[in-house]
Amino acid sequence: MAYSNPPDPKAYNAQVYEIVRQIPAGRVMTYGQIAAILLPPAGVDPATYAQLSPRWVGTAMAQCPDDVPWQRVINSQGQVSPRPGFGPTVQRKLLEQEGVVFDEHERVDLKRYGWRPREPDEPDAPQQPTLF
DNA sequence: GTTGTGACATCGC
DNA sequence: CGCGATGCCACAA
């Protein structure tokens with residue numbers, strides 16, 4: 001396979017962590033969503049960024065800082081990605097503890113729990129997922 | 001210096 | 001709906 005890295009992985013990671021920190025408990029965000037929110041670094045082709053940014057986010061999350069709720073970041077399929085050494089069950093458990101419900105396929109309803117940061121255009125009444 | 005390996009998303013069949 | 005291929009590079013052993 002092949003991975004790529006942003007010009008400034010550190011800065012990019014910092015932005016990713018910032019976004020992840022803004023995710024409230026009981027909500028989940030996808031890598032692609034985060035990647036889409038973050039602006040592509042200068043000198044990077046938008047098309048290339050579109051394809052590679054998700055991996056950059058994944059790589060950034062792989063660093064797993066202690067102050068970042070990595071558990072609330074899942075893939076676009078609404079499923080938790082298996083982390084080496086921890087097992088997917090742990091993440092599911094953590095999310096369930098926050099009120100996130102998994103279906104039979106171990107997937108999360110992004111329509112309900114998928115959260116996006118308050119955009120300037122949108123009022124701060126994102127969604128009211130019926131917890132419980 | 002070479003080899004292998006990395007929390008993803010999207011399109012096509 | 002599931003599986004496979006493609007996008008691209010840096011770091012560690």
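Close to B/dA9, at under 4.0 Å from its OP1 or OP2, lies a side-chain N or O of A/Ser76.
Rounded to whole Å, the distance from NE2 on A/His105 to C1' on C/dG2 is 12 Å. Atom OH of A/Tyr31 and atom P of B/dT10 are 14 Å apart (whole Å). For A/Asn5 and B/dG6, the CG to P distance is 15 Å, given to the nearest whole Å. Following rounding to the nearest Å, A/Gln79 (CD) and C/dC1 (P) show an atom-to-atom distance of 12 Å. As rounded to whole Å, 10 Å separates atom C1' of B/dC11 from atom CD of A/Gln51. A straight line from CG of A/Asn75 to P of C/dG2 spans 13 Å, rounded to a whole angstrom. One can place CD of A/Gln63 at 15 Å from P of C/dA10, the figure rounded to the nearest angstrom. In this structure, CG of A/Leu52 is placed 9 Å from C1' of C/dC9, rounded to the nearest angstrom.
Looking at heavy-atom distances under 4.0 Å, A/Trp56 makes no contact with the nucleic acid at all.
Residues A/Pro6 and A/Tyr12 share a closest heavy-atom pair of CG-CB, 3.7 Å.
The pair A/Glu98-A/Arg72 counts as a salt bridge, with a side-chain nitrogen and a carboxylate oxygen less than 4.0 angstrom apart.
In summary, the aromatic rings of A/Tyr31 and A/Trp56 are positioned with their centroids too far apart to meet the 6.0 Å limit.
Side chain of A/Tyr17 to main chain of A/Ala60: a donor-acceptor pair is present (N/O by atom type, distance under 3.5 Å, no hydrogens or angles).
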